[in-house]
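Report on one structure; see the data block that follows.
This one's a predicted model, so the numbers in the text were calculated from it and none came from an experiment. By convention in this document, chain letters (A, B, ...) are assigned in the order of the sequence lines, proteins followed by strands, and residues within each chain are numbered from 1.
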Protein chains: 2
Amino acid sequence: MPRHIPIVLCRNCALYKTALVLGLESPAQEALHEVVIRNHPIEKGQPLFYAGDPVRHLYLVHSGSCISYDGAEPRQVRGFHLPGEIVGIEEMDEERYNHTACALEDGSLCQLDVSRLEEALEAEELIKVQRYLLATAAAHARQLQKERLITGLPNAEQRIGAFLYNLGQRFQSHGFPALQYRLPMSREEMASYLGLAPETVIRMLKKLAAKKWVRVRTRQVEILDPDALQALLTRTPPNLTKIKSAAKN
Amino acid sequence: MPRHIPIVLCRNCALYKTALVLGLESPAQEALHEVVIRNHPIEKGQPLFYAGDPVRHLYLVHSGSCISYDGAEPRQVRGFHLPGEIVGIEEMDEERYNHTACALEDGSLCQLDVSRLEEALEAEELIKVQRYLLATAAAHARQLQKERLITGLPNAEQRIGAFLYNLGQRFQSHGFPALQYRLPMSREEMASYLGLAPETVIRMLKKLAAKKWVRVRTRQVEILDPDALQALLTRTPPNLTKIKSAAKN
DNA sequence: CGAGATGTTGACGACCCTCAAGTGCAGTGG
DNA sequence: CCACTGCACTTGAGGGTCGTCAACATCTCG
């Protein structure tokens with residue numbers, strides 16, 4: 001019995017917005033269809049692209065979710081992509097991917113043709129698209145920054161808790177409930193992502209549940225005390241050396 | 001006795017390139033001076049900006065280096081900025097910083113006025129600048145991705161080794177030797193960044209030195225076996241589940 | 001040269017990884 | 001519909017890694 005299956009409405013779809021901007025500039029609406037492929041279905045486990053493949057499209061997750069692995073082999077998990085998020089935007093200006101992405105569950109994607117986009121930019125037509133892409137890339141960098149911070153927390157409980165909280169925030173930013181969602185990934189994938197053993201992930205989930213901060217039933221997550229989870233991001237007392245309080249001239 | 005003091009030549013300076021593009025479009029060369037402040041000196045420990053400050057400038061590290069802390073208090077280290085790197089690019093489209101940056105050592109910065117940049121973009125003048133900013137933001141995201149991977153390595157030796165290797169790569173990409181450099185940060189700052197105890201950092205440095213992979217004398221680093229360090233990024237044998245080898249229709 | 005910060009070392013204990021066994025869930029075929 | 005099978009998930013025991021604390025060494029800067 002599927003409860004919440006997150007699906008991004010097209011009016012909330014980042015690529016669709018871009019496509020609209022693109023489309024509005026061109027004489028006919030049909031141009032839109034040339035640039036964006038909407039609702040491209042994808043099955044669980046199927047690859048979007050492999051490391052080494054040429055960069056052809058931006059992919060927006062419409063429903064379902066994706067995982068990306070560092071390099072060609074699925075050794076270490078590089079990141080997760082939730083509905084509403086764009087896969088591969090940081091590779092936009094590169095020739096080839098240096099990672100591999102595939103679907104974690106059945107779902108659908110929107111594709112935007114990168115070379116088309118490049119042409120549009122060459123033609124100096126679409127300042128809006130440029131600004132949009134820049135803002136999206138910057139936002140992506142901010143999310144990565146958060147992920148690095150989470151991954152760098154000193155103990156496993158903090159990492160897991162902050163990870164769950166961050167996932168909720170990401171769901172929320174695309175219109176889904178922040179405090180109740182279904183984990184798209186396995187314990188093993190979470191573990192690989194965070195640099196932990198799968199057993200540790202399980203034990204920490206249990207520990208957080210024992211504190212009544214979350215409720216977890218296999219993949220279903222309910223966040224009971226978001227503030228407590230967020231507080232895990234702040235390390236305990238030990239401060240570093242103070243910033244010199246000199247006023248610049 | 002200062003050995004290598006990394007200084008970015010202005011022709012290698014990312015902001016200067018941007019400024020040149022900007023300058024060329026304007027009637028007089030003086031416009032350049034309005035947008036970019038070059039060689040702004042900064043003392044060790046002095047802040048570039050605090051969390052909550054309005055975003056006014058992009059800062060490029062010309063010489064010396066910077067550190068950034070999450071939030072207002074210097075609790076956890078968010079990242080380091082080496083000569084040739086830009087501080088705050090992922091905040092470019094935000095109102096205010098949500099982190100604090102300050103100088104790790106005496107040095108100098110180039111500043112680029114963000115509002116001026118915005119005006120230039122509004123005027124649809126400077127496609128080149130846009131493309132440059134987009135490429136820079138994407139490259140920054142790729143670097144953050146690497147940092148997340150390093151930070152998420154399962155044991156301390158891997159994290160320290162990969163961190164040293166990555167620092168070398170970053171130096172190299174701005175024209176400095178990759179295998180011989182001076183650490184701009186303390187052990188404690190490294191530790192905070194990687195989620196470790198300072199003592200562990202010291203012990204792992206010693207361990208890497210015992211393997212003849214690096215030589216470390218306080219802050220002076222010499223990388224003896226870069227391949228071995230790079231290999232630390234790859235986790236040991238345990239692979240994850242295979243990617244479904246189904247061909248997309 | 002002295003004082004304070006930074007770096008280093010050792011002992012001990014907590015945390016987390018490893019290994020191995022067992023449980024539950026989902027998809028498949030009888 | 002239900003047993004079967006495979007995989008994900010869970011649990012426990014034991015050992016290695018890393019954090020903590022305290023003492024000491026070294027470096028830096030005035």
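- Residue A:Glu222 is tested with A:Arg217, A:Arg182, A:Arg215 for a salt bridge (Lys or Arg N to Asp or Glu O under 4.0 Å); the sole match is A:Arg215.
- At a threshold of 4.0 angstrom between heavy atoms, the contacts of A:Met190 with the nucleic acid are absent.
- Looking only at atom types and distance, the side chain of A:Gln230 has no donor-acceptor partner in the side chain of A:Asp227 under 3.5 Å away.
- Taking both residues in full, the closest heavy atoms of A:Gly195 and A:Arg159 are given as O-NH2, 4.2 Å, listed atom of the first, atom of the second, then distance.
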Show me the protein contacts with nucleotides 8-13 of chain C, counting only N or O atoms at under 3.5 Å.
residue : atom : partner  : partner atom : Å
C:dT8   : OP2  : B:Arg187 : NE           : 2.8
C:dT8   : OP2  : B:Arg187 : NH2          : 3.4
C:dT9   : OP1  : B:Lys206 : NZ           : 3.3
C:dT9   : OP2  : B:Lys206 : NZ           : 3.2
C:dG10  : N7   : B:Arg203 : NH2          : 2.9
C:dG10  : O6   : B:Arg203 : NH2          : 2.9
C:dA11  : N6   : B:Arg203 : NH2          : 3.4

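- Summarising the geometry, the separation between CD on B:Glu105 and P on C:dT6 is reported as 14 Å, rounded to the nearest angstrom.
- The distance from atom CD1 of A:Ile160 to atom C1' of C:dC15 is 14 Å, rounded to the nearest whole Å.
- The pair A:Lys206-A:Glu199 fails the salt-bridge criterion, with no side-chain N (NZ, NE, NH1 or NH2) lying under 4.0 Å from an Asp/Glu carboxylate O.
- Following rounding to the nearest Å, A:Glu189 (CD) and D:dC9 (C1') show an atom-to-atom distance of 13 Å.
- Note: A:Phe171 and A:Phe176 have perpendicular aromatic rings, judged against thresholds of 30 and 60 degrees for the angle between ring planes.
- One interatomic measurement links the two molecules: CG of A:Leu196 to P of D:dT10, which rounds to 15 Å at whole-angstrom precision.
- One can place CG of A:Leu183 at 10 Å from P of D:dT10, the figure rounded to the nearest angstrom.
- When rounded to the nearest whole Å, the span between CZ of A:Arg182 and C1' of C:dA26 equals 11 Å.
- Between A:Glu105 and A:Lys44 there is no salt bridge, since no side-chain nitrogen of the basic residue lies less than 4.0 Å from a carboxylate oxygen of the acidic one.
- Relative to the side chain of B:Lys44, the nucleotides D:dC18, C:dC15, D:dC29 differ in distance, and D:dC29 lies closest.
- Salt bridge status for B:Arg78 with B:Glu90: present, with a side-chain N to carboxylate O gap under 4.0 Å.
- The phosphate of D:dC9 (OP1 or OP2) has a side-chain N or O of A:Arg219 nearer than 4.0 angstrom.
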Can B:Phe80 and B:Tyr193 be said to form a ring pair (Phe, Tyr, Trp, His ring centres under 6.0 Å), step by step? CA-CA 9 Å; B:Phe80 304 105; B:Tyr193 174 80; 5.2 Å; yes
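- Distance A:Leu153 CG to D:dG19 P: 13 Å, rounded to the nearest Å.
- Across the protein-nucleic acid pair, B:Lys207 atom NZ and D:dT17 atom C1' stand 8 Å apart, rounded to whole Å.
- If one axis is set at each end of the helix from C:dC1-D:dG30 to C:dG30-D:dC1 from five pairs, those axes are 50° apart, to 10°.
- Note: A:His99 and A:Phe49 have perpendicular aromatic rings, judged against thresholds of 30 and 60 degrees for the angle between ring planes.
- Comparing C:dC17, C:dC16, D:dC18 by their nearest atom to the side chain of A:Ala197 picks out C:dC17.
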